Amino acid sequence: MPGHTPQGTSECTGLLVVMPTYNERATLPGTLHRLRRAVPLAHVLVVDDASPDGTGDWADQAAAEDGSIHVLHRTAKNGLGPAYLAGFEWGFEHGFDVIVEMDADASHRPEQLPRLLDAIQDGAELAVGSRWIPGGRVHDWPLHRLLLSRGANLYVRLWLALPVHDATAGFRAYRADLLRVLMRESVASQGYCFQVDMTRRAWAAGADIREVPIDFDERTDGVSKMSSRIVREALVRVTLWGIQRRWQQLKSLLRQGRRR
Ligand SMILES: Nc1nc2c(ncn2[C@@H]2O[C@H](COP(=O)(O)OP(=O)(O)OP(=O)(O)O)[C@@H](O)[C@H]2O)c(=O)[nH]1
Ligand SMILES: [Mg+2]
């Protein structure tokens, strides 16, 4: 499988797009079709958590017809984080060099993937498709989703001071080497704080992180998996990471004080 050169990235050998799905039968076909047109040499791994609507079965049929589509079936809906981790492991086992995260609900435009790949080719180890930098846009989002996303990013910024404006973004490209480093310590995050977790790990590892503006389209089919449980998990984890960070800062200040 490796040895494929994605469009627009002459240095990358082997590009895998990991696409987690839960009940995305309505949007997965169109997303894959657009992706195939936009970046013909990309391989795609659909990670399906036993979707009751038959998404996994459809993906199996697509994989039987197209050798660059692969499917990983999981037995139950276990959250975005575990689905991605399983997809990344599969990507490592199959020797891919660049691994992309992308939603299957048509919120991320496959036509904008080359922007992320260009940043990787340019030297970034993590390229984040950002809604909240100049040039980035969100289309047709209701006010409560706008507030949730902006509020979450503000909260992350206050506690963690990450050098990105869209730490919860789910359209990203990683160098596989960086992902391996980030996954050395186990990742427990399940919902969308998984994205914050990986960003903070990348920053702590000193990775070259770049944000690229994207257009984010509200889903027109299917049902959002965002829930109050996912928001609560993010709140708790970000707060704990923030307290940990402040504690480390305080300890190093005290150590410096003692040395003087
Ligand atoms: N395998 C798997 N995929 C999931 C799970 N939860 C969400 N997904 C997929 O992850 C992607 C993002 O989920 P969404 O429901 O769109 O969540 P979101 O983008 O934060 O929310 P909306 O903006 O409201 O759509 C979609 O492709 C989902 O099908 C899960 O538990 N397991
Ligand atoms: Mg979505």
Side-chain angles (χ1 to χ4, degrees), residues 17-35 44-60 62 69-91 99-110 112-113 128-132 136-153 156 166-172 187-199 214-235:
V17 178
V18 178
M19 206 173 274
T21 55
Y22 189 76
N23 285 348
E24 305 292 4
R25 176 65 185 84
T27 50
L28 181 64
T31 304
L32 291 185
H33 178 71
R34 286 169 64 188
L35 183 60
V44 183
L45 177 68
V46 175
V47 184
D48 187 68
D49 278 5
S51 296
D53 76 346
T55 304
D57 299 335
W58 183 87
D60 280 339
I69 297 176
H70 316 273
V71 191
L72 191 60
H73 292 281
R74 290 157 51 81
T75 50
K77 186 178 184 316
N78 277 325
L80 194 66
Y84 266 128
L85 293 174
F88 297 161
E89 292 287 1
W90 189 96
I99 299 185
V100 168
E101 292 183 0
M102 190 174 170
D103 289 358
D105 61 358
S107 284
H108 300 146
R109 297 183 180 179
Q112 295 185 339
L113 176 55
V128 177
S130 180
R131 294 161 289 191
W132 308 125
R137 257 177 240 108
V138 169
H139 301 275
D140 303 323
W141 246 12
L143 183 65
H144 74 276
R145 285 308 304 268
L146 272 175
L147 292 176
L148 184 62
S149 180
R150 296 309 300 245
N153 275 293
V156 166
D166 197 351
T168 58
F171 194 18
R172 321 170 150 218
V187 183
S189 304
Q190 300 222 316
Y192 81 132
C193 72
F194 173 76
Q195 307 298 3
V196 180
D197 198 354
M198 297 304 274
T199 311
I214 57 149
D215 290 87
F216 183 98
D217 298 313
E218 168 67 328
R219 63 158 77 235
T220 51
D221 285 289
V223 177
S224 170
K225 278 95 220 171
M226 177 66 76
S227 66
S228 56
R229 197 173 67 83
I230 286 176
V231 175
R232 265 199 315 274
E233 183 206 8
L235 262 177

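The structure presented is a predicted model; accordingly, all values stated were derived computationally and were not measured. Positions are given from 1 along the sequence. Indexing begins at 1, ligand by ligand and atom by atom, following the structure's order.
- Considering only non-hydrogen atoms, atom 12 (C) of ligand 1 lies nearest to Asp103 out of Asp103, Asp105, Thr21.
- Remark: ligand 1 atoms within the under-4.0 Å shell around heavy atoms of Val47 are 1 (N).
- Evaluated by nearest non-hydrogen atom to atom 17 (O) of ligand 1, the leading choice among Gln195, Gln190, Lys225, Arg145 is Lys225.
- Leu80 has its side chain within reach of Gln195: a pair of non-hydrogen atoms, C-beta onward, lies under 4.5 Å apart.
- Interface atoms of ligand 1 facing Arg219, defined by a heavy-atom separation under 4.0 Å, are 14 (P), 15 (O), 16 (O), 25 (O).
- If you number the atoms of ligand 1 from 1 as listed, the ones under 4.0 Å from a heavy atom of Asp49 come out as 1 (N), 2 (C), 30 (C), 31 (O), 32 (N).
- Looking at Asn153, Asp166, Asp215 one by one, the single match for side chain to side chain donor-acceptor pair (under 3.5 Å) with Arg131 turns out to be Asp166.
- Remark: ligand 1 atoms within the under-4.0 Å shell around heavy atoms of Ala104 are 27 (O).
- Between Lys225 and Lys77 there is a side-chain heavy-atom pair separated by less than 4.5 Å.
- When heavy-atom distances to ligand 1 are checked against a 4.0 Å cut-off, Met19 has no atom that comes that close, whether in backbone or side chain.
- Set against the non-hydrogen atoms of Glu24, the atoms of ligand 1 under 4.0 Å away are 26 (C), 27 (O), 28 (C), 29 (O).
- Distance check for Asp105 against the Mg ion (ligand 2): an N/O/S atom falls below 2.8 Å.
- A side chain to side chain donor-acceptor pair (under 3.5 Å) with His73 is found for one member of Asp57, Asp49, Asp60 and no other, namely Asp60.
- Using a 4.0 Å heavy-atom cutoff, Ser107 is absent from the residues neighbouring ligand 1.
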